[in-house]
Amino acid sequence: MVDEAVREWAAVAAALMVDDGWPAARALQRAREQLGLPARTRAPDAALLDSAVREHLALFHADTQPAELHALRQTALHWMERLAAFEPLLGGAVWHGTATRRSDIHLQLFSDDPKAVEIALIDAGLAYDAQQARGPLGGDVSVLTLGVACPELDEIVGLHLWVNDRRAQRGARLPDALGRVPRGSAAEVRARLAADGPTTSAEEH
């Protein structure tokens, strides 16, 4: 049985993730601090946090979120096609269907040459920030961050390109903690866009 304090923790973290676009780890830390929970309190598991995110979406964003998600998936697909040489996979909230206009797009790229993605961006005249981060597939990887246009939202959104060695592809599609496929190919993103069907304009509130 889940403790009520842990449920509240999940709910507060979910609000930060949905409303402010925070990553899960940061949202959980801030939510624990806001609630004054002891450091020893066991954090919400992946299933509880995902449930809290979807409940928050249903309660507060049901009228706008489907169109915003569709817009972000369209933008993600555009960049997946543009970066097709690096066999991109879409992950995160945009893939799993919980994204709002506050969410960033995360693409996992694969290359034998760790600098090839940067060279491609430079050749295209695109400015980016580079940093090292612990990759979801293990080990430190380069993360290249750009601000890109999302035409359907008429906004600039964050695009994070995680540059992995091609050997990491083998584990990139293994089920996550909820048993889901954690990342999708361009063809799978197209299928999800088709399944979304007609959406209300993201500009309507």
Side-chain angles (χ1 to χ4, degrees), residues 1-76 89-108 133-137 143 145 147 150 152-153 155-160 162 173-184 188-189 192-193 195-197 199-205:
M1 184 174 180
V2 179
D3 185 272
E4 188 60 34
V6 178
R7 290 188 184 278
E8 186 177 8
W9 185 356
V12 173
L16 291 170
M17 292 168 66
V18 172
D19 298 338
D20 298 313
W22 286 25
R26 182 183 173 202
L28 284 167
Q29 180 179 351
R30 176 59 64 87
R32 181 179 65 78
E33 293 169 354
Q34 288 181 355
L35 295 170
L37 297 175
R40 66 179 180 277
T41 306
R42 179 175 294 181
D45 62 20
L48 180 58
L49 186 58
D50 182 71
S51 177
V53 166
R54 294 181 187 278
E55 182 176 353
H56 189 85
L57 287 170
L59 287 172
F60 300 106
H61 299 273
D63 57 338
T64 56
Q65 191 265 342
E68 294 174 357
L69 172 64
H70 188 86
L72 289 168
R73 283 178 169 170
Q74 289 276 31
T75 298
L89 295 175
L90 174 64
V94 180
W95 168 246
H96 289 301
T98 56
T100 68
R101 67 193 313 123
R102 298 285 187 180
S103 303
D104 288 350
I105 298 168
H106 293 265
L107 298 181
Q108 299 292 332
R134 178 68 64 179
L137 311 180
V143 183
T145 298
C150 181
E152 291 186 37
L153 295 180
E155 290 184 5
I156 301 298
V157 300
L159 172 65
H160 305 281
W162 298 69
R173 304 266 293 170
L174 294 176
D176 65 12
L178 299 179
R180 307 172 299 185
V181 175
R183 301 168 189 91
E188 289 167 322
V189 175
R192 293 199 173 188
L193 281 166
D196 287 344
T199 58
T200 301
S201 169
E203 291 301 303
E204 295 176 8
H205 296 284

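Quick caveat, the model's predicted, so the values are computed rather than measured.
Note that NE2 of H70 and OG1 of T75 are 10.0 Å apart. Values are rounded to the nearest 0.5 Å. Interatomic distance, OG1 of T100 versus CG of L72, reported as 7.5 Å (0.5 Å rounding). Here the CG-CZ distance, from L107 to R183, works out to 11.5 Å after rounding to the nearest 0.5 Å. To the nearest 0.5 Å, the span separating CH2 on W95 from CG on L69 amounts to 11.5 Å. Atom CG of L35 sits about 4.5 Å away from atom CD of E8, to the nearest 0.5 Å.
Residues that satisfy the salt bridge (Lys or Arg N to Asp or Glu O under 4.0 Å) test with R30, not counting sequence neighbours, are E33. Residues forming a salt bridge (Lys or Arg N to Asp or Glu O under 4.0 Å) with R54 (at least two apart in sequence, or on another chain): D50. Taking the salt bridge (Lys or Arg N to Asp or Glu O under 4.0 Å) definition, one finds that E188 meets it with R173, sequence neighbours left out. The ring-ring contact (aromatic ring centres under 6.0 Å, His included) check on H96 picks up nothing, with sequence neighbours excluded.
Across V94 and A76, no two heavy atoms sit closer than the pair CG1-CB, 4.5 Å. Closest approach of T98 to Q65, counting heavy atoms only: C-NE2, 3.7 Å. Of all heavy-atom pairs spanning L153 and R101, the tightest one is O-NH2, 3.5 Å.
Using bins of under 30°, 30° to 60° and over 60° for the plane-to-plane angle, the ring pair H160/H106 lands in the parallel bin.
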Can you give the donor-acceptor pairs under 3.5 Å from side chains of residues 9-28 to other protein atoms, not counting sequence neighbours?
unit_1: W9; atom_1: NE1; unit_2: L28; atom_2: O; d: 2.8
unit_1: D19; atom_1: OD1; unit_2: H56; atom_2: NE2; d: 3.2
unit_1: D19; atom_1: OD1; unit_2: H61; atom_2: NE2; d: 2.7
unit_1: D19; atom_1: OD2; unit_2: H56; atom_2: NE2; d: 3.1

List the atom pairs, donor and acceptor, that lie under 3.5 Å between side-chain atoms in residues 36-46 and the rest of the protein, sequence neighbours left out.
unit_1: T41; atom_1: OG1; unit_2: P38; atom_2: O; d: 2.9
unit_1: D45; atom_1: OD1; unit_2: A47; atom_2: N; d: 3.3
unit_1: D45; atom_1: OD1; unit_2: L48; atom_2: N; d: 2.8

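Under the 3.5 Å distance criterion, the side-chain polar atoms of Q108 are left unmatched by any main-chain donor or acceptor of L90.
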